[in-house]
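Structure record follows, encoded as structure tokens.
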Amino acid sequence: MRRPKITVVGSINMDLTTTFDRMPQKGETLHGTSFATYPGGKGFNQAVAAARFGAEVSMIGAVGGDGFAQSLSLILAEEKISAAGVCSIKDMSTGTATILLTEGDNRIIVVPGANGRVTPEHIEEHRNLVIESDMVLLQLEIPMESVEKTSQIAYEAGVPIILNPAPSKQLSSKLLEKVTYVIPNEAEAADLIAGSTDLHDKLLITKGKQGVMFYSKEGTVQIPGYPVNPVDTTGAGDTFCGILSTCLARGDNLEEACKIANAGSALSVTKSGAQGGMPTEQAVLEFIREKES
Ligand code: RIB
């Protein structure tokens with residue numbers, strides 16, 4: 001079977017992750033329990049999830065001119081993600097995300113750095129990657145005009161688009177009408193539904209360990225998640241988006257694709273770092289078999 005071609009247009013970050021027992025009060029200093037750097041960025045994470053699951057992945061994005069850029073470029077190559085659409089901007093820093101892991105969840109502060117220089121012109125330069133894809137995957141960690149530019153190119157070429165509207169921002173109706181599926185988490189969904197026209201036929205809401213829900217003609221459909229003991233929840237939603245897009249691009253139906261992506265997402269939180277636990281297709285299928293036996 002031909003591998004589905006996915007193009008991810010989005011952010012590439014170095015994640016600076018600190019683990020600690022509780023949030024400090026204002027003005028308080030606490031000892032943390034660990035610190036580590038991991039590859040991240042919603043775009044890069046989704047690209048890795050799709051690639052490990054078996055898609056042929058190209059990325060359009062940017063890194064800076066620092067040491068983080070070199071490490072992240074090596075990882076792109078190790079994951080066999082085509083980086084022909086990734087430029088390095090010498091006078092910029094690579095995007096970073098300061099991640100606070102405490103009380104079973106994550107809090108993230110992103111500094112875009114070079115991700116902020118993924119311009120509509122840069123997308124135009126790599127339009128072939130977009131139009132030759134089976135699916136395009138977008139998030140909101142690059143400038144909105146570049147997200148809109150990508151959606152315009154993909155839409156005109158008839159390439160389906162998945163948008164993960166994270167971090168939450170106001171979305172124009174001209175963007176929303178072009179996307180095939182929008183995949184927010186519950187908080188992002190609340191913002192979206194508050195500010196937009198009827199999105200029901202394209203909305204998939206991820207609900208952490210409870211799985212995912214969407215609307216069908218028969219009503220609300222809930223596809224349950226898989227219980228696991230989480231080590232690091234960073235990137236769970238990215239794993240879901242990367243695997244879901246691969247499944248849909250190869251022709252799986254929506255319910256099956258959601259079930260598989262839920263399983264992938266559950267596995268992803270069992271290891272440290274956004275990409276650390278992202279599974280191969282074989283690992284996902286074995287996990288589902290084990291859970292169902
Ligand atoms: O979705 C998780 C990602 O969000 C992290 O890897 C971090 O880089 C931020 O972009």
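Indexing begins at 1, ligand by ligand and atom by atom, following the structure's order.
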Write 'none' if nothing qualifies; otherwise put on separate lines each N/O atom of ligand 1 with a protein N/O atom under 3.5 Å away and their distance to 0.1 Å.
from     : atom 1 : to     : atom 2 : distance (Å)
ligand 1 : 1 (O)  : Lys42  : NZ     : 2.9
ligand 1 : 1 (O)  : Asp238 : OD2    : 2.7
ligand 1 : 4 (O)  : Lys42  : NZ     : 3.1
ligand 1 : 6 (O)  : Asp15  : OD1    : 3.4
ligand 1 : 6 (O)  : Asp15  : OD2    : 2.6
ligand 1 : 6 (O)  : Gly41  : N      : 3.1
ligand 1 : 6 (O)  : Asn45  : ND2    : 2.9
ligand 1 : 8 (O)  : Asn13  : ND2    : 3.0
ligand 1 : 8 (O)  : Asp15  : OD1    : 2.6
ligand 1 : 8 (O)  : Gly41  : N      : 2.8
ligand 1 : 10 (O) : Asn13  : ND2    : 3.2
ligand 1 : 10 (O) : Glu141 : OE1    : 3.0
ligand 1 : 10 (O) : Glu141 : OE2    : 2.6

Task: Crowding at CD, Gln70 (>12 non-hydrogen neighbours, <6.0 Å) - done: no
Open item on the list: Taking side-chain hydrogen bond (donor to acceptor under 3.5 Å, both in side chains) as the cut-off, I'd like each qualifying pair that reaches into residues 92-102, sequence neighbours left out, listed once.
Closed with: Asp66-Thr94
Open item on the list: Would you say Glu148 and Ser172 are linked by a side-chain donor-acceptor pair, where the criterion is simply a distance under 3.5 Å?
Closed with: yes
Task: Minimal non-hydrogen separation, Ala266 against Val228, with atom names - done: O-CG2, 3.5 Å
TODO: Determine which pairs satisfy salt bridge (charged side-chain N to carboxylate O under 4.0 Å, His left out) with at least one residue from residues 10-24, sequence neighbours left out, and list them in order.
DONE: Arg22-Glu28
Task: Within residues 76-94 or reaching into it, pairs that qualify as salt bridge (charged side-chain N to carboxylate O under 4.0 Å, His left out) - sequence neighbours excluded - done: Arg52-Glu79, Asp91-Arg117
